[in-house]
Amino acid sequence: MTTRVRFAPSPTGYLHIGSARTALFNYLFAKNTGGKFLVRVEDTDLQRSTEESLASILDGLKWLGFAPDEEIVFQSDNAEKHRQTALKLLEEGKAYRDFTPKEDRSDKNIKQDIADKARKQGDKKDMRDNPFRDLSKEESDKRAEAGEPFAIRLKVAETGKTSFEDAVYGEQERDYADIEDLVLLRSDGHPLYNLAVVCDDIEMDITHVIRGQDHLTNTHKQILIYEALGKEKPTFAHLPLILAPGGKKLSKRIHGEIVSMTTYRDAGFIADAFRNFLALLGWSAGEEQEIYSLDELVEKFSLDRINQSNATFNFDANNERRWTDDKAIWMNAEYIRTMNLDELIPLVREELRNEKLWREEYDDNEKDWFESTVDLIRERFYTLKDFSGQGRAF
RNA sequence: GACCGGUUCGUCUAGGGGUCUAGGACACCGCCCUUUCACGGCGGCAACACGGGUUCAAAUCCCGUACCGGUUACCA
């Protein structure tokens, strides 16, 4: 069986550094096993999805060199199928209509609200206390026909547990009692994330789901859906998270541009160098080598060498020299001074062009001088930007 | 709160019962090279969260505590 993995970003922002690493690990795993690397855009949240962020994500993937092996799938295109699946589960009695009016949630401090509410409930919360869970089929049908809005929830069994063998974290279990009857279909008819993901992963014949550890609890919910559908589940591999200094979550709101891939490209990073750096955040080949070409990464990558603890991406917003991780900067400098000159020249040319410092003579009668100059000065530079900044003097 | 993860130098990590007075890399400091800077070479500083067990032997296995993170949505 050939392996098939997918990178599934939601187009609600640019390509986050953590997502970029998830894409990288998916890519490396696919290539290492001779499988396929696919991309699926999770655009079921139509309110928040935008064209710009989609373009920016695709741009980031391209820059890093991860070309999908098949056409990109848009999750919203499959909404009807997802809906049918929910209806089928309803028909089979594995899901039920919930007529509880939709709660209006203010977008603001939603996370906080949910946590507060959960705290108040303590451990007394009964996940099976929905009054519509055991509504008779006749009554349910009647209310639906009368036009009363409803969401469709999965009917999770009273007792039992989900379990799976995570390729990174090992054996995982969760009691049904700790999982709520999750909503499959919203009252406006739109499928929800967990349903859509499972349907699409089945549809796309995904064999390995490699994603951030923040999805660990979703995985148990998704397994419930696989079971309700009578489908075999893929292998799951959860990745440790990348955190901000101090072990806090890395977020755009708080940390700004630092978390965006485009920042690195624009700051004069070399894609190979940044990819190399990313590969070493949460994975190691167990040897002392640290500089790896893409081919070497593909060859040496394996899921069981991914480590289980979150990594801190170190930077200091108040320090110009330390604006991003020291090691990332070092690695970029290392690439600049050791890579083939033939590969470096085009990058320098592009940088100079962007800064209006390029002269056609550099490719013509001053070619030799230009190349030897680049070769000479590159060993003191950290980024491509230095060629247009400090390199000006030459 | 509940459930689930995690914890080795400042940071990324190696190590998964004896080879650990814990290895490498980045950063930092010193020396050498160099007219200067950088590169390079050599050296230094610096870590097994804590407490109990198990064992002849624990960074490594078990239990507890602490701390950190994730999740707890008709978001993804």
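Quick note on labels: first sequence line is chain A, next is B, and so on, each numbered from 1. Reckoned from all heavy atoms, side chains included, excluding hydrogens, waters and symmetry mates.
Rounded to a whole Å, the CG atom of A:Asn310 is 18 Å from the P atom of B:rC67. In this structure, A:His215 atom NE2 and B:rG70 atom C1' are separated by 11 Å, rounded to whole Å. Spacing between atom CG of A:Asp166 and atom C1' of B:rG70 amounts to 14 Å, rounded to whole angstrom units. At whole-Å resolution of the value, CD1 in A:Ile329 and C1' in B:rC28 are 15 Å apart. Protein atom CD of A:Glu180 is 11 Å distant from nucleotide atom C1' of B:rC74, rounded to whole Å. Note: NZ (A:Lys327) to C1' (B:rC9) measures 13 Å, nearest angstrom. Whole-Å rounding puts the A:Asp175 CG to B:rU72 C1' distance at 15 Å. In this entry the distance linking NZ of A:Lys300 with P of B:rA14 reads 15 Å, nearest Å.
Taking atom P in both B:rA57 and B:rG64, one finds a spacing of 23 Å when rounded to whole Å. Using C1' as the reference atom, B:rC63 and B:rU55 are 16 Å apart when rounded to the nearest Å. Comparing the P positions of B:rG16 and B:rA59 gives an interatomic distance of 13 Å, to the nearest angstrom. Comparing B:rC4 with B:rU8, their C1' atoms are spaced 23 Å from each other, to the whole Å. The separation of B:rC26 from B:rC9, taken at their C1' atoms, amounts to 12 Å, rounded to a whole angstrom. Taking atom C1' in both B:rC3 and B:rC56, the straight-line distance is 41 Å, to the nearest Å. Across B:rA27 and B:rA47, the matching C1' atoms stand 15 Å from one another, rounded to whole Å. Distance check on atom P: B:rU60 versus B:rA22 gives 16 Å, rounded to whole Å.
Between A:Lys248 and B:rG69 there is a side-chain N or O to OP1 or OP2 distance below 4.0 Å. At B:rA73, none of the side-chain N or O atoms of A:Arg186 fall inside 4.0 Å of OP1 or OP2 (strictly under the cut-off). Between B:rU72 and A:Thr217, no contact under 4.0 Å exists linking OP1 or OP2 to a side-chain N or O. At least one side-chain nitrogen or oxygen of A:Lys102 sits closer than 4.0 Å to the OP1 or OP2 atom of B:rC75. At the phosphate of B:rG70, neither OP1 nor OP2 sits under 4.0 Å from any side-chain N or O atom of A:Gln213. The phosphate of B:rC12 (OP1 or OP2) has a side-chain N or O of A:Thr312 nearer than 4.0 angstrom. Of the side-chain N and O atoms in A:Arg21, none sit less than 4.0 angstrom from OP1 or OP2 of B:rC12. Listed pair A:Arg322 / B:rC28 meets the phosphate criterion, a side-chain N or O lying under 4.0 Å from OP1 or OP2.
In this model, a donor atom of one side chain and an acceptor atom of the other lie less than 3.5 Å apart for A:Ser76 and A:Asp43. Residues A:His82 and A:Asp200 bring a donor and an acceptor atom of their side chains to less than 3.5 Å of each other.
Residue A:Gly212 is classed as having no contact, given no heavy-atom separation below 4.0 Å to the nucleic acid. Across all strands shown, A:Thr44 has heavy atoms under 4.0 Å from sugar-phosphate atoms exclusively, and none from any base. Using a 4.0 Å heavy-atom criterion, one finds that A:Arg321 contacts the sugar-phosphate atoms exclusively. Nucleic acid contact for A:Arg305: sugar-phosphate only, since backbone atoms but no base atoms lie under 4.0 Å from a heavy atom of the residue. Nucleic acid contact for A:Gln172: sugar-phosphate only, since backbone atoms but no base atoms lie under 4.0 Å from a heavy atom of the residue. Residue A:Pro11 is out of contact with every strand shown, counting any heavy-atom pair closer than 4.0 Å. Backbone-only contact: A:Glu288 has heavy atoms under 4.0 Å from sugar-phosphate atoms and none from a base. Nucleic acid contact for A:Ala151: base, since at least one base atom lies under 4.0 Å from a heavy atom of the residue. Among the protein residues, A:Leu241 comes within range of the sugar-phosphate backbone only, with heavy atoms under 4.0 Å from sugar or phosphate atoms but none that close to a base. Within 4.0 Å (heavy atoms only), A:Tyr169 reaches sugar-phosphate atoms of the nucleic acid but no base atom.
Among B:rA2, B:rG69, B:rU72, the nucleotide with an atom closest to any side-chain atom of A:Asp178 is B:rA2. Residue A:Asn307 places its side chain closer to B:rU13 than to any other of B:rU13, B:rC74, B:rC26. Candidate nucleotides B:rA73, B:rC3, B:rG6 were compared by shortest atom distance to the side chain of A:Gln308, and B:rG6 ranks first. Here the nucleotide nearest the side chain of A:Ser309, chosen from B:rU7, B:rC4, B:rU72, is B:rU7.
For the residue pair A:Arg6 and A:Asn26, the shortest heavy atom distance occurs at O-OD1, 3.4 Å.
Figure legend. B:rC9 is base-paired to no nucleotide; pairs are counted as Watson-Crick or G-U wobble with both atom distances under 3.5 Å. Across the strands present, B:rG17 finds no partner; the criterion is a Watson-Crick or G-U wobble pair with both atom distances under 3.5 angstrom. In this structure, B:rA22 forms no base pair with any nucleotide, since neither Watson-Crick nor G-U wobble geometry is met with both distances under 3.5 Å. For B:rA27, there is no paired base (Watson-Crick or G-U wobble, both distances below 3.5 Å). Nucleotide B:rA49 is matched to B:rU65 when pairs are restricted to Watson-Crick or G-U wobble geometry with both distances under 3.5 angstrom. Using N1 to N3 plus N6-O4 or O6-N4 for Watson-Crick, or N1-O2 and O6-N3 for G-U wobble, each under 3.5 Å, B:rG1 pairs with B:rU72. Shown here, B:rC37 forms no base pair; nothing in the strands shown gives a Watson-Crick or G-U wobble contact with both key distances under 3.5 Å.
Ionic pairing of A:Lys155 and A:Asp181 is not present here: no N-O contact between side-chain nitrogen and carboxylate oxygen is shorter than 4.0 angstrom. For the pair A:Asp364 and A:Arg359, the salt-bridge criterion is not met [side-chain N within less than 4.0 Å of a carboxylate O]. A salt bridge between A:Lys367 and A:Glu371 is present, with a side-chain N of the basic residue lying under 4.0 Å from a carboxylate O of the acidic one. Note on A:Glu290 versus A:Lys327: salt bridge recorded, some NZ/NE/NH1/NH2 to OD/OE distance being below 4.0 Å.
A single hydrophobic cluster is seen to contain both A:Met204 and A:Ile223, as judged by linkage of ILVMFWY side chains at heavy-atom distances under 4.5 Å, directly or through other members.
For the ring pair (Phe, Tyr, Trp, His ring centres under 6.0 Å) test with A:Tyr264, the passing option among A:Trp323, A:Phe277, A:Trp63 is A:Trp323; the others fail.
A donor-acceptor distance shorter than 3.5 angstrom exists from the side chain of A:Thr373 to the backbone of A:Trp369, with no hydrogens or angles considered.
A donor-acceptor contact under 3.5 Å links the side chain of A:Ser187 to the base of B:rC74. Side-chain atoms of A:Asn218 and base atoms of B:rA76 include a donor and an acceptor less than 3.5 Å apart.
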Footprint string (nucleotides 29-49 of chain B, 5' to 3'): B base within contact, S backbone only, - free, heavy atoms under 4.0 Å:
--------BBS----------
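Annotation: cation-pi pair A:Arg305/A:Phe301 absent, no NZ/CZ under 6.0 Å from the ring centroid and within 45° of its normal.
With RNA chain B read from its 5' end, the first of the two nearest nucleotides for A:Ile114 and A:Ile306 is the one closest to A:Ile306. Between A:Leu281 and A:Leu216, the residue anchored nearer the 5' end of RNA chain B, judged by the nucleotide with its closest heavy atom, is A:Leu216.
By the 6.0 Å contact criterion, CD on A:Glu51 is open, its count of non-hydrogen atoms from other residues, nucleotides or ligands being 12 or less.
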